[in-house]
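The model shown is predicted, which means the values in this text are computed figures rather than measured ones. Throughout, a chain's letter reflects where its sequence line sits, starting with A, and its residues are numbered from 1.
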Amino acid sequence: MNSNDYILVTKELTKSFGGLVAVNRVSISVRKNSITMLMGPNGAGKTTFVNVCTGVYRPDSGKVFFDGRDITGLPPHEIYKLGFVRTFQIPIPFQSLTVLENVLAAMNSVGENPLIAVVKRRWVRVEEDMIEKAFKIMDTVGLSRFWDLPAYKLGAAQLKMLEVARALAVGAKLIALDEPIGGVDPAYANRILTYVRDLKERFDVTFLLIEHRIDIALPYVDYVYVMDRGSVVVEGTPNEVVKNPKVIEIYIGE
Amino acid sequence: MELIPPVILYILVDFSVYLIVTLSLNLEVGYAGLPQFGRVLAVLTGALVAGAIPGRLLALMYGLPYGPEYAFYEYNYKVVDTLNTILEKNPLLSITIFIFTLVLAMVLGAVIGYLTSKPAIRLREAYLGITLLAMGDVLMLITYYYTPIIGGTTGVSVVDPFRWTGGARFYVATFTLLGIALLTFLLIERLTKSPYGRVLRAMRDSELVITVYGRDIVKLRTYTLMVGAAIASLGGALYTFYTGSCIASTYTRVTWTFWPWAFMMLGGTGNNLGVMFGVLVFVIVKTLIVMYRGLLAPYVPFDPVWLEYTFVGMAIVLIAIFRPQGLIPEKPIFTIPRKKIEELIKA
């Protein structure tokens, strides 16, 4: 296995809370410019796994490599700087900020230093570039016409796309999408996944898709890991995975 | 000669000083979401700088006592009197010492802000609020009972950088304060309508998300506490120069923390223009109460001195119940004008 082909590699990653082993020796490899899906029923440990990878939690043991670099235990903002960004299962917009501001807030500007903020000409150029970039992204995810609405006025599906837009805005190499179609009706879910597919092509990013609705998501993904009770139980291409009796057992029961 | 009625000057001074202090509070509370219940700490810092430093520097220059004895009441009024007669004839020195003190007050204010940011990293919400509140009270009590800095319970007189303007002293002082307050308003407007203001509001809305998007919230909080404290300290120094005296007991948590909170809440938390409006309304009403409370004495069953406090307290409760967003609520902010953004989209 050539490590250059993989953007994210975890080795035996483990995290427990008290007696509960939420993530149990999980080893996965996410190929560059792919949509890799991490699926499993509720409580399988998918979100915790992403939290450990992105530095929200420290792992008890194991290693996380991002783009060939050991990022185990780094704080979230360091991991972000390297180009690994996550979205949230339940969208958390900056409520009172407009859609545009939400996307802009995801990007870094020199004008965030108060001493520089005072001198407008030192950041206004960057700001204009950022706004143009933000609109390109908002166009791709269908949010442009809501640009000046405060985020609290958006609907559930739009908020999901706002999450994706913010992640794209930072020029991430790898975006972990935590249940992007959770709670969204099937028609719109397909649209979201089509957006994701387009975005993968247009922005040269990799997606780690955390989902439990296999029926809708499978046609869009390149590779699948199935988690259950903290461990990876099955992996393979979508076609292999749907036929695997273990997967059927997990989802439908024995 | 009375060009402007004294009550108007009094209102303008109160408005100016409280505008500066309340804007600094709004930056920390309204924009950054920090529970700043210790505003008085930075205001007192500025007052201490103005009360203790320019007089001593001048005393040192002119061979007068400048050590701990400067602050003792037997010496203080004589030393300050002598210095004031010198300043009266020397506008350049007066202006230099005035500006130097204000800059120093802001620098030391920022240092105090930096120190308060240390617990702010570990504590949040109510716990941080309590800690900040206690810090303000501690500094007030120390400087009230420890005489060598600003004379403890007797306070000190403060050198008067406006003395050279003679009969126009109160006009010049008042409009200098007002001018500086309006400049502060423009500065804060610029700060909050910038990427810095945006990231503060984003942090206020969700610390978790802004962390995930690569911001170091410890750094953001530290910057903000420093900027806020520097500005509040400027307010304290100006007030001290205006009144010409400095005593720690002036700087209570009621007058320099809770009042600015009330002004901010009335005007509109997170909206600088709202804050300006809130300060103006409150200061006018407060002044009218002070002027006319004597007339009300027969009708209230307590000492009318407390009317001011009762009024502010009642206002806080009523605002919190009926209009928590304030008279002029927060609005979406554009770092560059809306029109310009629309042009950018079309291009």
Side-chain angles (χ1 to χ4, degrees), chain A residues 54-56 75-82 85-88 91-102 104-120 122-124 126-132 134-135 138-139 144 147-152 163 166-167 169-170, chain B residues 27 30-33 110 186-220 222-224 226-228 230-231 269-270 325 329-338 340-347:
Chain A
T54 51
V56 177
H77 62 269
E78 301 268 340
I79 292 175
Y80 153 92
K81 274 186 196 149
L82 297 171
V85 180
R86 61 161 303 185
T87 68
F88 295 89
I92 313 177
F94 302 119
Q95 292 282 0
S96 58
L97 272 60
T98 61
V99 170
L100 174 65
E101 280 186 307
N102 264 275
L104 293 175
M107 307 183 208
N108 270 295
S109 160
V110 285
E112 282 169 25
N113 180 323
L115 292 177
I116 295 175
V118 179
V119 190
K120 188 167 180 177
R122 288 200 51 194
W123 52 261
V124 74
V126 179
E127 185 78 0
E128 286 174 10
D129 290 348
M130 280 167 53
I131 289 174
E132 281 184 45
F135 270 99
M138 291 189 301
D139 276 339
S144 282
W147 73 275
D148 58 349
L149 274 191
Y152 69 84
E163 292 268 294
R166 287 197 303 203
V170 302
Chain B
L27 178 73
Y31 287 86
L186 294 179
L187 174 80
I188 294 261
E189 270 288 278
R190 173 53 64 83
L191 269 178
T192 49
K193 286 194 174 139
S194 76
Y196 170 63
R198 175 170 63 228
V199 80
L200 288 188
R201 284 179 297 125
M203 172 172 75
R204 175 198 65 190
D205 282 4
S206 173
E207 286 185 5
L208 173 65
V209 178
I210 204 68
T211 309
V212 170
Y213 285 112
R215 295 337 191 284
D216 183 349
I217 59 170
V218 170
K219 209 160 92 182
L220 278 174
T222 307
Y223 282 163
T224 306
M226 286 174 75
V227 173
I231 292 169
T269 309
Q325 74 275 37
E330 187 182 335
K331 293 194 179 77
I333 289 173
F334 302 102
T335 48
I336 57 181
R338 200 196 163 90
K340 191 86 206 290
I341 295 176
E342 278 160 358
E343 278 169 30
L344 280 174
I345 311 169
K346 277 180 203 147

Within a radius of less than 6.0 Å around CZ of B:Arg190, do more than 12 heavy atoms belonging to other residues, nucleotides or ligands occur?
yes
Roughly how far, to the nearest 0.5 Å, is CZ of A:Phe94 from CZ of B:Arg204?
11.0 Å
As an exercise: rank B:Met203, B:Lys340, B:Arg338 by heavy-atom pairs under 4.5 Å with chain A and give me the winner.
B:Arg338
Atom group of A:Val118 that falls short of 4.5 Å from chain B, counting heavy atoms
both
Test side chain to side chain contact (heavy atoms under 4.5 Å, CB included) on B:Ile341 and A:Leu100; report intermediate values, then the result.
CA-CA 10 Å; B:Ile341 295 176; A:Leu100 174 65; 4.1 Å; yes
Within-4.5 Å side-chain heavy-atom neighbours: A:Lys120 and B:Ile336
yes
Quick one: side chains of residues 206-214 of chain B, donor-acceptor pairs under 3.5 Å with protein atoms, not counting sequence neighbours, listed by atom name and distance.
{"unit_1": "B:Ser206", "atom_1": "OG", "unit_2": "B:Val209", "atom_2": "N", "d": "3.1"}
{"unit_1": "B:Glu207", "atom_1": "OE1", "unit_2": "B:Arg124", "atom_2": "NH1", "d": "3.2"}
{"unit_1": "B:Glu207", "atom_1": "OE1", "unit_2": "B:Arg124", "atom_2": "NH2", "d": "3.4"}
{"unit_1": "B:Glu207", "atom_1": "OE2", "unit_2": "B:Arg221", "atom_2": "NH2", "d": "3.2"}
{"unit_1": "B:Thr211", "atom_1": "OG1", "unit_2": "B:Glu207", "atom_2": "O", "d": "2.6"}

What part of A:Glu127 gets within 4.5 angstrom of chain B, counting heavy atoms only: side chain, backbone, both, or neither?
side chain
Is A:Met107 in contact with chain B via its backbone, its side chain, both, or neither, using a 4.5 Å heavy-atom distance?
backbone
Atom group of A:Ser96 that falls short of 4.5 Å from chain B, counting heavy atoms
both
Report the option among B:Val227, B:Leu187, B:Leu220, B:Leu191 that has the most heavy-atom pairs separated by less than 4.5 Å from atoms of chain A.
B:Leu191
Does anything in residues 209-220 of chain B form a salt bridge (charged side-chain N to carboxylate O under 4.0 Å, His left out)? List the pairs, not counting sequence neighbours.
A:Glu112-B:Arg215
Ignoring hydrogens, what is the shortest heavy-atom contact between B:Ala202 and A:Ala105? Give both atom names and the distance.
CB-CB, 4.1 Å
Closest non-hydrogen atoms of B:Asp205 and A:Gln95, given as atom of the first, atom of the second and distance, are OD2-N, 3.1 Å
Looking only at heavy atoms, which two atoms of B:Ser194 and A:Gly111 are closest? And how far apart?
OG-O, 4.0 Å
Among A:Pro114, A:Ala117, A:Ser109, which has the most heavy-atom pairs under 4.5 Å with chain B?
A:Pro114
Could you grab the distance from atom CD1 of A:Ile116 to atom OH of B:Tyr196, nearest 0.5 Å is fine?
12.5 Å
Shortest non-hydrogen contact between B:Ile333 and A:Glu101, atoms and distance:
O-OE2, 3.2 Å
Only pairs of heavy atoms separated by less than 4.5 Å count here; which of A:Gly55, A:Ala151, A:Ala169, A:Ala167 has the most with chain B?
A:Ala167
To the nearest 0.5 Å, tell me how far A:Asp148 CG sits from B:Glu342 CD.
7.5 Å
Interchain contact, A:Leu97 with chain B, by part (heavy-atom threshold 4.5 Å):
both
Of the listed residues (A:Leu149, A:Val124, A:Ile131), which shares the most heavy-atom pairs with chain B below a 4.5 Å separation?
A:Ile131
Value rounded to 0.5 Å, distance of CG in A:Asn102 from CZ in B:Arg198
10.5 Å
Whatever's closer than 4.5 Å to a heavy atom in chain B on A:Leu104 counts as both
Structural part of B:Ile217 lying under 4.5 Å from a heavy atom of chain A:
neither
